[in-house]
Amino acid sequence: MKYTSSRLICFSPTHSSHLIGESIIRGLDPQDLTETDLTYEKPDGTVDVSDDITVIVVPVYGGRVPLTALERMENIRGNGLPVIPVVVYGNRDYEDALLELKDWCIAHNFLPIAAAAFIGEHSYSRPGRPIAEGRPNGNDLQIAEQFGKKIAEKSSDTKELNAIAPWKVKGNFPYKERGTKTPQTPVTIAELCTQCGLCIGICPVGAIRLENEVVSEADVCIKCCACVKYCPNEARVFDTPYTDMLFRNFKYPRVPELFYCWNFSCPRIRP
């Protein structure tokens with residue numbers, strides 16, 4: 001089936017989630033695509049989705065959907081239309097995030113028909129202490145595209161979609177408690193910083209400002225580390241003991257996990 005229209009909704013400070021979403025959309029092969037990018041701002045007013053199918057992709061922070069993403073998705077309504085919730089995590093675990101996103105979709109009147117968890121380079125990854133470095137890689141993006149193609153093939157029967165039984169993804173409810181926010185933030189190496197302002201512009205929550213030097217507001221920073229990843233002079237660094245822990249304990253590369261409402265993957269659950 002070639003969809004007439006699709007919508008990509010994403011929150012993607014370091015662009016990993018966006019890459020996965022683009023690949024899934026490529027597999028769905030719609031005639032028209034609308035994109036709702038929540039990375040830098042919340043949409044004005046209510047977004048009433050009218051597209052044939054929607055893909056929603058967010059990163060995982062501490063096993064949950066980021067609060068910033070939830071706040072920016074608040075006024076989106078699905079109008080009973082199909083959706084694919086997807087999370088992208090840094091090779092540790094996505095814990096309850098995918099279930100949380102699927103539940104959010106249902107609460108906002110979407111009809112989840114498939115879901116997935118993909119791997120992206122962890123925001124705490126550093127040279128010499130890589131954590132899922134280079135992910136999503138070419139293989140990940142190929143899997144994402146094939147995932148979209150498989151959904152397009154199976155979801156051509158609208159009657160079947162309207163009659164699907166409840167189905168599961170990995171995760172637990174009540175969701176895990178959100179961790180305590182660390183007071184650490186990325187800092188600036190003054191002798192390397194040219195005060196170009198790039199980090200200020202790409203910060204998704206406006207946590208960075210220029211005083212005598214570039215500084216981050218600890219109460220606002222979400223530790224996405226986009227400013228670290230994209231600084232052209234490597235003047236932004238984020239030193240945290242969690243990097244060493246993640247590097248030691250989560251070196252083995254995880255693989256994407258895919259879930260469907262159809263029997264060939266995640267089994268239906270009888271009401």
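Note that these values count all heavy atoms, side chains included, but never hydrogens, waters or copies made by symmetry. What you are looking at is a predicted structure, and each value in this text was computed from that prediction instead of being measured.
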Exercise for the section: Would you confirm whether Thr188, through its side chain, and Val214, through its main-chain N or O, come within 3.5 Å as a donor-acceptor pair? Expected result: yes
Problem - Contact check, side chains of His18 and Val57, non-hydrogen atoms, under 4.5 Å - result: no
Exercise for the section: Keeping the roles fixed (side chain from Arg135, backbone from Gly90), state whether a donor-acceptor pair exists under 3.5 Å. Expected result: no
Exercise for the section: Please tell me if the side chains of Val65 and Trp104 come closer than 4.5 Å, counting only heavy atoms from C-beta onward. Expected result: no
Problem - Any side-chain donor near an acceptor of the partner, Arg7 and Thr36, under 3.5 Å - result: yes
Exercise for the section: Find out whether Ile119 and Tyr89 are in side-chain contact, i.e. whether some heavy atom of one side chain is under 4.5 Å from a heavy atom of the other. Expected result: yes
Handout entry: Between CD1 on residue Ile84 and CZ on residue Phe259, distance to nearest 0.5 Å
Key = 14.0 Å
Problem - Over 12 foreign heavy atoms within 6.0 Å of CD, Glu35 - result: yes
Handout entry: Beyond-backbone contact of Cys227 with Cys203, side-chain heavy atoms, under 4.5 angstrom
Key = no
Handout entry: For Phe118, the option from Leu141, Val255, Ile20, Val87 that meets side chain to side chain contact (heavy atoms under 4.5 Å, CB included)
Key = Ile20
Exercise for the section: Answer yes or no on whether Lys251 is positioned over the face of Phe247, meaning its NZ or CZ is under 6.0 Å from the six-membered ring centre and within 45° of the axis. Expected result: yes
Handout entry: Pair Tyr252 and Phe250, ring centroids less than 6.0 Å apart
Key = no
Practice task
Evaluate the side-chain contact (heavy atoms from CB on, under 4.5 Å) criterion for residues Leu38 and Met73: first the C-alpha distance (whole Å), next the side-chain angles of each, then the deciding distance (0.1 Å), finally the verdict.
Solution key: CA-CA 8 Å; Leu38 307 171; Met73 295 192 300; 3.2 Å; yes
Practice task
Taking Arg72 for its side chain and Pro43 for its backbone only, find out whether a donor-acceptor pair lies under 3.5 Å.
Solution key: no
Handout entry: Single-linkage hydrophobic cluster, 4.5 Å side-chain cutoff, Met245 and Tyr61 together
Key = no
Problem - Spatial distance of atom CG (Asn75) from atom OG1 (Thr46) [nearest 0.5 Å] - result: 5.0 Å
Exercise for the section: Please round to the nearest 0.5 Å and tell me the distance separating atom CD of Glu100 and atom CD of Glu95. Expected result: 11.5 Å
Problem - Single-linkage hydrophobic cluster Leu19~Ile25, side-chain heavy atoms < 4.5 angstrom - result: yes
Fill in the blank from the handout: Between the CD atom in Gln146 and the CD atom in Glu153, the distance rounded to the nearest 0.5 Å is 8.5 Å
Problem - Enclosure of Glu217 CD (heavy-atom neighbours >12, cutoff 6.0 Å) - result: yes
Practice task
Give, for atom CG of Leu192 and atom SG of Cys231, the distance between the pair rounded to the nearest 0.5 Å.
Solution key: 8.0 Å
Exercise for the section: Flag yes if Ile202 and Ile222 sit in one hydrophobic cluster, no otherwise; membership is Ile, Leu, Val, Met, Phe, Trp, Tyr, and two members link when side-chain heavy atoms are under 4.5 Å apart. Expected result: no
Exercise for the section: Taking the six-membered ring of Tyr260 (Phe, Tyr or Trp), confirm whether the NZ or CZ of Lys154 is under 6.0 Å from its centre and within 45° of its axis. Expected result: no
Problem - ILVMFWY cluster, Ile200 and Val237 together (side-chain gap under 4.5 Å) - result: no
Exercise for the section: Kindly assign one of parallel, tilted or perpendicular to the pair Tyr175 and Phe173, based on the angle between their ring planes and the thresholds 30° and 60°. Expected result: perpendicular
Problem - Glu177 atom CD: more than 12 heavy-atom contacts under 6.0 Å - result: no
Practice task
Could you check if a side-chain atom of Arg236 sits within less than 4.5 angstrom of a side-chain atom of Ser216, using non-hydrogen atoms only?
Solution key: yes
Handout entry: Minimum heavy-atom distance Gly80-Leu111, with the two atoms named
Key = O-CB, 3.9 Å
Exercise for the section: Might you confirm whether atom CG of Asp44 has over 12 heavy atoms from other residues, nucleotides or ligands at distances under 6.0 Å? Expected result: no
Practice task
Check the pair Lys42 / Glu71 against salt bridge (Lys or Arg N to Asp or Glu O under 4.0 Å), numbers first and verdict last.
Solution key: CA-CA 8 Å; Lys42 183 177 181 178; Glu71 291 165 359; over 6 Å; no
Exercise for the section: Looking only at non-hydrogen atoms, find the nearest pair between Ile76 and His108 and report the distance. Expected result: O-CD2, 3.3 Å
Problem - Asp52 backbone acceptor or donor facing Ser5 side chain under 3.5 Å - result: yes
Handout entry: Main-chain N/O of Tyr242 paired to Thr240 side chain as donor or acceptor, under 3.5 Å
Key = yes
Handout entry: Nearest heavy-atom neighbours spanning Pro232 and Leu198
Key = CD-CD2, 3.7 Å
Exercise for the section: Could you walk me through whether Cys221 and Val205 pass side-chain contact (heavy atoms from CB on, under 4.5 Å), step by step? Expected result: CA-CA 7 Å; Cys221 177; Val205 292; 5.7 Å; no
Exercise for the section: Answer yes or no: is there a donor N or O on one side and an acceptor on the other, between the side chain of Asn137 and the main chain of Asn139, under 3.5 Å? Expected result: yes
Completion exercise
All heavy atoms of Phe238 vs all of Cys225, minimum pair found to be CD2-SG, 3.5 Å
Handout entry: Pro256 side chain near Asp140 side chain, heavy-atom distance below 4.5 Å
Key = yes
Practice task
Mark yes or no for whether Gln184, through its side chain, and Asp239, through its backbone, hold a donor-acceptor pair below 3.5 Å.
Solution key: yes
Practice task
Check whether any side-chain N or O of Asp96 sits under 3.5 Å from a backbone N or O of Asn172 as a donor-acceptor pair, and report yes or no.
Solution key: yes
Handout entry: Closest heavy-atom pair and its distance - Pro13, Pro59
Key = CD-CG, 4.4 Å
Handout entry: Straight-line distance of Thr194 OG1 to Asn233 CG, nearest 0.5 Å
Key = 4.5 Å
Exercise for the section: Find out whether Ser6 and Ile53 are in side-chain contact, i.e. whether some heavy atom of one side chain is under 4.5 Å from a heavy atom of the other. Expected result: yes
Exercise for the section: Compare every heavy atom of Pro204 with every heavy atom of Tyr40, then report the nearest pair and how far apart it is. Expected result: CD2-CA, 3.8 Å
Exercise for the section: Give a yes or no on whether the backbone of Tyr124 and the side-chain of Arg126 come within a donor-acceptor separation of less than 3.5 Å. Expected result: yes
Exercise for the section: Indicate if Leu33 and Ile151 have the same hydrophobic cluster label, given that clusters are the connected sets of ILVMFWY residues with side-chain heavy-atom separations under 4.5 angstrom. Expected result: yes
Problem - Close side-chain approach of His15 and Thr39, heavy atoms under 4.5 Å - result: no
Problem - Backbone of Gly78 reached by a side-chain donor or acceptor of Asn109 within 3.5 Å - result: no
Practice task
Find out whether the Lys NZ or Arg CZ of Lys170 is both under 6.0 angstrom from the six-membered ring centre of Tyr94 and within 45° of the ring's axis.
Solution key: yes
Practice task
Show the numbers, then the answer: is there a side-chain contact (heavy atoms from CB on, under 4.5 Å) between Val55 and Leu28?
Solution key: CA-CA 10 Å; Val55 179; Leu28 294 172; 3.8 Å; yes
